[in-house]
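In the text below, chain A, chain B and the rest are named by the order of the sequence lines, each starting its count at 1. All values reported here derive from a predicted model rather than from experimental measurement.
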Amino acid sequence: MIIVDDVHKRYRTSHGYSKWVLQGVNLVIPPRTSVGLIGLNGAGKSTLLRLIGGADTPTKGKIERRCSVSWQMGYGGGLQGSLTGRQNAKFVCRIHGHAADIPERMQYIQEFAELKEYFDEPVKSYSSGMRSKLQFALSLAIDFDVYISDEVTGAGDITFKKKAKQAFKKLAGRASLIMVSHAEGTLKNFCKSGIFLNQGKVYWFDDIDEALRAFKDSLPK
Amino acid sequence: MIEPKVKEYIARSPLNVAISVWKALFLREVISRLSANRTAWLWIFLDPMIQIAMMVFIFTTIRMRIVGGINTPIWLMTGLIAFNMFRSTGKQLQNSVNSNKALFTYRQVKPIDTVISRAFLEGVIGIMVAIILFCGSFLFDFGMFPDDPLMVLIVFFGMWLMGVGFGLITSVVSTLIPVAGKFIAILMMPLYFCSGVILPITIIPAEYRQWLAYNPLLHGVDAIRLGFAPYYHTIPELSLGYLYSFAFSMIFFGLVLYRRYSSRMIQA
């Protein structure tokens with residue numbers, strides 16, 4: 001269960017503060033419920049994900065995580081360019097308290113990410129597709145109750161996409177997803193409930209179809 | 001339908017998380033520091049060695065053979081080692097937040113963690129460099145055993161603390177105000193000259209010297225020579241208490257800055 005309590009967020013820019021990206025967000029995401037975040041570009045989807053993942057702190061309000069939550073996957077963040085894929089993977093295992101069984105996890109990551117010999121090359125030499133494959137494999141190698149993904153299923157080539165989908169499906173038994181996607185099909189495929197973000201406010205829908213309908217209704221005709 | 005039983009979630013303790021992050025960051029820093037390029041590890045030792053060799057050459061061939069009652073090479077080496085402990089720690093710590101930015105994606109990693117692990121790494125490297133230079137000095141026939149080894153260690157530790165305090169503050173400043181980083185780098189030059197590393201401060205008249213004595217690094221640099229030779233003529237103002245209180249004040253102030261600006265540094 002994740003509790004978002006009266007969360008406000010705005011950013012500091014070179015000239016003062018930005019406008020409120022999120023304004024008074026209250027949410028309770030129940031256990032084992034996969035949620036899709038819907039909204040226009042700049043509606044605050046990624047901001048909300050960052051806050052839930054704990055990479056950033058709210059300007060006001062608080063977020064309580066009563067389960068293990070992954071970091072935000074997608075966009076190649078969280079990888080140190082000067083280190084190799086393997087060194088990055090070890091780092092992630094260590095900070096999550098899995099220092100003891102690194103070899104098994106390394107094997108899984110190497111296999112899943114399909115990087116072959118590039119696994120021992122610096123991450124800065126990777127293409128964006130390779131980066132997201134590695135990131136995806138990294139998060140799967142660690143057991144979370146909730147996985148946070150920012151358009152991550154969009155990464156990689158067709159075969160990898162298929163593999164990622166299967167992995168996500170397999171996860172559904174033990175964990176849930178909080179994801180951002182602009183692809184309706186992906187959302188319907190993975191999510192049960194939906195959150196619609198509009199002008200700093202959020203609206204919770206038990207059914208993802210309703211959330212998508214509300215989103216479509218809000219668009220100018 | 002039977003609801004699958006939700007396993008009760010037990011979070012790792014904050015200390016447990018912090019320690020695993022420090023370990024992971026330490027190893028990550030070791031890799032970057034020692035294998036940035038093929039000879040990165042070699043330069044860690046060569047850099048101070050070349051500095052010392054050059055200064056020794058200049059001093060002994062064209063200037064003086066004895067400073068304050070001890071041989072010039074040992075006088076230079078001890079001062080440089082002590083000052084380097086401060087300088088390299090401070091310099092490396094200043095960039096620690098910027099060079100680990102990508103890793104703040106993981107909520108377990110906070111800016112202060114990068115500084116803490118880098119501080120330990122610099123401490124280890126500093127001691128290794130000192131030991132190697134110390135042993136090397138015997139090969140060149142100017143080696144000498146410290147008369148008061150404890151004093152040498154205390155000074156060393158104090159200079160490391162100074163570096164940590166300096167690095168804590170400058171890392172916040174240079175992350176939030178990038179231009180400031182350049183000015184801080186320039187500041188190192190006058191500090192080097194005012195700390196008595198290559199210029200004996202004792203030759204400066206008392207009325208000016210008392211102003212220079214406000215520089216805590218000068219106390220460390222001079223005290224380490226006293227640790228080697230009890231008959232060394234130090235500056236009369238010498239006080240290790242001053243060095244330590246200055247260092248701890250800086251560390252305290254640096255930690256306050258982290259408390260205040262931690263989340264803004266992640267965004268910056």
Side-chain angles (χ1 to χ4, degrees), chain A residues 1 9 11-14 30-32 50-59 63 65-84 86-88 90-100 102 122-124 131 135 138-139 142 144-146 148 150 173-174, chain B residues 1 3-37 40 95-96 98-111 113-114 117 176-179 259-268:
Chain A
M1 187 155 72
K9 181 70 188 178
Y11 290 100
R12 191 177 283 270
T13 63
S14 50
R32 292 169 170 279
R50 275 173 65 80
L51 293 177
I52 292 175
D56 206 345
T57 45
T59 315
I63 289 171
R65 285 174 285 266
R66 293 194 188 161
C67 50
S68 61
V69 180
S70 82
W71 66 92
Q72 179 196 19
M73 304 181 256
Y75 296 122
L79 297 174
Q80 182 73 33
S82 56
L83 299 185
T84 68
R86 187 187 301 278
Q87 287 162 346
N88 268 292
K90 283 185 182 173
F91 178 82
V92 170
C93 287
R94 287 196 185 105
I95 62 169
H96 285 92
H98 294 304
I102 281 180
V123 167
K124 63 183 169 212
R131 274 164 177 264
Q135 266 209 316
L138 278 178
S139 53
I142 292 164
F144 291 113
D145 296 327
V146 178
I148 300 180
D150 199 340
R174 62 168 177 90
Chain B
M1 193 182 116
E3 267 296 293
K5 208 170 158 199
V6 178
K7 178 178 76 184
E8 203 192 336
Y9 170 63
I10 305 158
R12 289 188 291 157
S13 77
L15 186 67
N16 189 337
V17 175
I19 289 173
S20 62
V21 167
W22 293 340
K23 278 187 192 159
L25 275 172
F26 183 84
L27 293 170
R28 170 246 175 285
E29 292 287 351
V30 171
I31 290 168
S32 306
R33 191 79 206 276
L34 300 185
S35 62
N37 54 55
N95 303 320
S96 57
N98 273 326
S99 42
N100 283 300
K101 239 167 200 169
L103 302 176
F104 298 139
T105 305
Y106 312 105
R107 67 176 164 279
Q108 291 86 348
V109 185
K110 299 286 177 217
D113 296 326
T114 65
S117 19
L176 296 180
I177 316 164
V179 188
R259 187 88 195 110
R260 174 73 182 81
Y261 292 113
S262 192
S263 66
R264 205 185 295 177
M265 287 167 84
I266 292 178
Q267 282 173 31

Quiz prompt | Residue part contacting chain A, namely of Ser262(B), when any heavy atom lies under 4.5 Å | solution = neither

Quiz prompt | Under 4.5 Å from a heavy atom of chain A, the part of Asn16(B) involved | solution = neither

Exercise. Check Lys110(B) against Gly54(A) and note the closest heavy-atom contact, atom names and distance.
Key: NZ-O, 4.4 Å

Self-check item: Main-chain N/O of Arg12(A) paired to Arg264(B) side chain as donor or acceptor, under 3.5 Å
Solution: no

Quiz item: Where on Ile19(B) is there a heavy atom nearer than 4.5 Å to chain A: the side chain, the backbone, both, or neither?
Solution: neither

Self-check item: Exam field: side chain Gln108(B) to backbone Val92(A), donor-acceptor pair closer than 3.5 Å
Solution: no

Self-check item: Gly78(A) versus Leu103(B), closest heavy-atom pair with distance
Solution: O-CD2, 4.2 Å

Quiz item: If you look at every heavy atom in Ile266(B) and Ala55(A), which pair is closest and at what distance?
Solution: CG2-O, 3.6 Å

Quiz item: Top residue by heavy-atom pair count (under 4.5 Å) with chain A, among Ser20(B), Ala18(B), Ala24(B)?
Solution: Ala24(B)

Quiz item: If you round to the nearest 0.5 Å, how far is CG of Leu79(A) from OG1 of Thr105(B)?
Solution: 8.0 Å

Quiz item: Is there side-chain contact between Val109(B) and Phe91(A), with heavy atoms separated by less than 4.5 Å?
Solution: yes

Quiz item: Any side-chain heavy atom of Leu27(B) sitting closer than 4.5 Å to one from Lys90(A)?
Solution: no

Practice problem: Output every pair passing salt bridge (charged side-chain N to carboxylate O under 4.0 Å, His left out) with a member in residues 22-32 of chain B, not counting sequence neighbours, ordered by first then second residue. | Solution: Glu29(B)-Arg118(B)

Self-check item: Per-residue contact mode, Ser82(A) against chain B (heavy atom under 4.5 angstrom)
Solution: side chain

